[in-house]
**Student:** 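Sharing a structure with you now.
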There are 2 protein chains.
Amino acid sequence: MYICAVITLSEENYLKAIYHLGKRGSQSVSTNAIARKIKAKASSVTDMMKKLAEKDLVNHKKYQGVKLTEDGQAHAIKVIRKHRLWEVFLVEKLKFSWDEVHEVAEQLEHIKSEKLTQQLDAFLGFPERDPHGDPIPDKDGNFAVTNKILLSEAEVDTKYTCVGVKDSSADFLKYLNKYNLTLGTELEVLSREDFDGSFSIRFNNIRLNVSKDIAANLFIKPN
Amino acid sequence: MYICAVITLSEENYLKAIYHLGKRGSQSVSTNAIARKIKAKASSVTDMMKKLAEKDLVNHKKYQGVKLTEDGQAHAIKVIRKHRLWEVFLVEKLKFSWDEVHEVAEQLEHIKSEKLTQQLDAFLGFPERDPHGDPIPDKDGNFAVTNKILLSEAEVDTKYTCVGVKDSSADFLKYLNKYNLTLGTELEVLSREDFDGSFSIRFNNIRLNVSKDIAANLFIKPN
DNA sequence: ATATATTTTTAGGCATGTCTAAATTTTTAG
DNA sequence: CTAAAAATTTAGACATGCCTAAAAATATAT
Ligand SMILES: [Mn+2]
Ligand SMILES: [Mn+2]
Ligand SMILES: [Mn+2]
Ligand SMILES: [Mn+2]
């Protein structure tokens, strides 16, 4: 058993940011990218990278960005697990809307108690996805995989089910609320406009034109 | 409506400590008493009292201790409300034992979201007491009152119901667990030993001798 | 290939919250 | 009523996490 040095709230936020930025491709994550995500200055990021490197949570090569170590990734995944479990709790049990949960989950994800996390998971029935369709890692850090694609990559004249959102900003979610386009909604892709990349889709007996930007943020899977 | 400056986690802990220390008697709370409670040095307490006084959360007269202002008391009560609601949640929904909840509630009590608190309260059915029998203030800060007394003040040959614990340390709670002396248990006070202040009580068809220290930490109310 | 632009790091500073040691005030005892 | 003890505050320091400005390294463009 390791004696795992205490990881601060701030450090957890950096680990999570690096994880999210680095998950596509095995390349390293740049200081500026982290700064943008965290809304901090690049110099603050450099400072923190030194601390995380000291704790063996990242590998940092000067001027070359960082990569999470095994330990760093494992910890990032634990924070993400808690974030998503709490989001499920807020929506399923406390009647929050999916556009209201993120801010509160950002706080709750830092609560430290193994037992709390496991019991919450059980209480919620071991959910596989959070209210935005994102997979919830199990206690060993394993994610369920799915064959979801973006609406922007969909084939015309094909039926899909809406399974997630890429951008889960309140603005985007409220747009979807307006048309009752919830997760699980079945939709048919009617056409794609080459000119502006917009799509025409049908769901719940309504026909809707969605812009390229909308299409690039809605995950679907073939029926 | 006030623009209520942000109150830090540390400040909340001090407000709560002052509230608990000050609730009996309207006298002011001493620096040393706070230091003991918070497990900090007296000099750290003085520093913090200056900050809280600056924010009008306490009144501080040099060398004379502090008292909570209306604002300070209101905020302390909000933190206590959250602490106790979360303790109920952990016990009722997540199968924690009453001796395991305090540490986690110490973290959860600082989560900032009015909606979260109100919805949690509703989800739990607006409980009036936490797992240790302590009253949960409502959203306006009002406590239910009860006529509880300590076992050490009980009359001999009288029947009572166990309604709370004064000390909710894990050690004391585990002692009670051992004898299945839970809240709601009916008990009869059989005798009191003048020599050492111990009591003989009967409950659940067992007879138990409890020391002065135990008796001074168990709240009961007459049947 | 070199000058320019961009990225990243370093240097120095600030706020928070803690500490130890010393000074000051209040309390207690003789 | 004073002298010692206890409580409290002040002074100076340190770690964390952030900032701005300047320096250094890397990337880009002609
Ligand atoms: Mn979220
Ligand atoms: Mn989410
Ligand atoms: Mn508690
Ligand atoms: Mn309690």
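Here is the naming used below: chain letters follow the sequence lines, and residue numbers restart at 1 for every chain.
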**Student:** List the steps, then state whether salt bridge (charged side-chain N to carboxylate O under 4.0 Å, His left out) holds for B:Glu109 with B:Arg84.
**Tutor:** CA-CA 8 Å; B:Glu109 72 189 1; B:Arg84 293 180 180 170; over 6 Å; no
**Student:** Find the distance A:Glu54:CD to D:dT16:P and express it as a whole number of Å.
**Tutor:**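 Taking CD of A:Glu54 and P of D:dT16, I get 11 Å after rounding.
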**Student:** With both distances kept under 3.5 Å, what pairs with C:dG30, Watson-Crick or G-U wobble?
**Tutor:**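 Pairing partner, where one exists within any strand: D:dC1.
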**Student:** Do the numbers put B:Lys148 on top of the ring of B:Phe219, so that NZ or CZ is under 6.0 Å from the six-membered ring centre and no more than 45° off the axis?
**Tutor:** yes
**Student:** Does B:His60 place a side-chain N or O at less than 4.0 Å from the phosphate oxygens OP1/OP2 of D:dT9?
**Tutor:**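 Answer yes for this pair, as a side-chain N or O of B:His60 is under 4.0 Å from OP1 or OP2.
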**Student:** Output the rounded distance in Å from NZ (B:Lys55) to C1' (C:dA15).
**Tutor:** 11 Å
**Student:** Heavy atoms under 4.0 Å is the rule here; annotate nucleotides 18-26 of chain C 5' to 3' with B where the base is hit, S where only the sugar-phosphate is, and - elsewhere.
**Tutor:** BBBB--BSS
**Student:** Taking B:Ser198's backbone N and O only, do any of them form a donor-acceptor pair with B:Asp196's side chain (distance below 3.5 Å, no angle check)?
**Tutor:**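 Yes; judged by distance alone, with no hydrogens or angles, the pair exists.
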**Student:** Could you list the residues that satisfy side chain to side chain donor-acceptor pair (under 3.5 Å) with B:Glu114, not counting sequence neighbours?
**Tutor:**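 Side chain to side chain donor-acceptor pair (under 3.5 Å) check on B:Glu114 returns B:Gln118.
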**Student:** Respond yes when some side-chain nitrogen or oxygen of B:Thr46 is under 4.0 Å from OP1 or OP2 of D:dT10, and no when none is.
**Tutor:**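 Checking D:dT10 against B:Thr46, no side-chain N or O comes under 4.0 Å of OP1 or OP2.
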**Student:** Taking the six-membered ring for Trp, are B:Phe89 and A:Phe89 ring centroids under 6.0 Å apart?
**Tutor:**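 Yes.
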**Student:** Without decimals, in angstroms, what is the distance between A:Lys50 NZ and D:dC18 C1'?
**Tutor:**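 Rounded to the whole Å, the gap is 14 Å.
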**Student:** Are any side-chain N or O atoms of A:Thr69 and backbone N or O atoms of A:Gly72, one a donor and one an acceptor, separated by less than 3.5 Å?
**Tutor:** yes
**Student:** Given atom CZ of A:Arg36 and atom C1' of C:dT6, what is their separation to the nearest angstrom?
**Tutor:**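 Rounding to the nearest Å, CZ of A:Arg36 and C1' of C:dT6 are 12 Å apart.
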**Student:** Do B:Asn177 and B:Asp99 have side-chain heavy atoms sitting under 4.5 Å apart?
**Tutor:** yes
**Student:** Which whole-number value in Å describes the distance from A:Glu12 CD to D:dT16 P?
**Tutor:**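 Taking CD of A:Glu12 and P of D:dT16, I get 16 Å after rounding.
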**Student:** Mind calculating the distance between CG (A:Leu52) and P (D:dC18) to the nearest angstrom?
**Tutor:**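 Result: 11 Å.
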**Student:** Rounding to a whole Å, what distance do you find between A:Asn32:CG and D:dT26:P?
**Tutor:** 15 Å
**Student:** Tell me which nucleotide, if any, is Watson-Crick or G-U wobble paired with C:dA5 when both distances must be under 3.5 Å.
**Tutor:** D:dT26
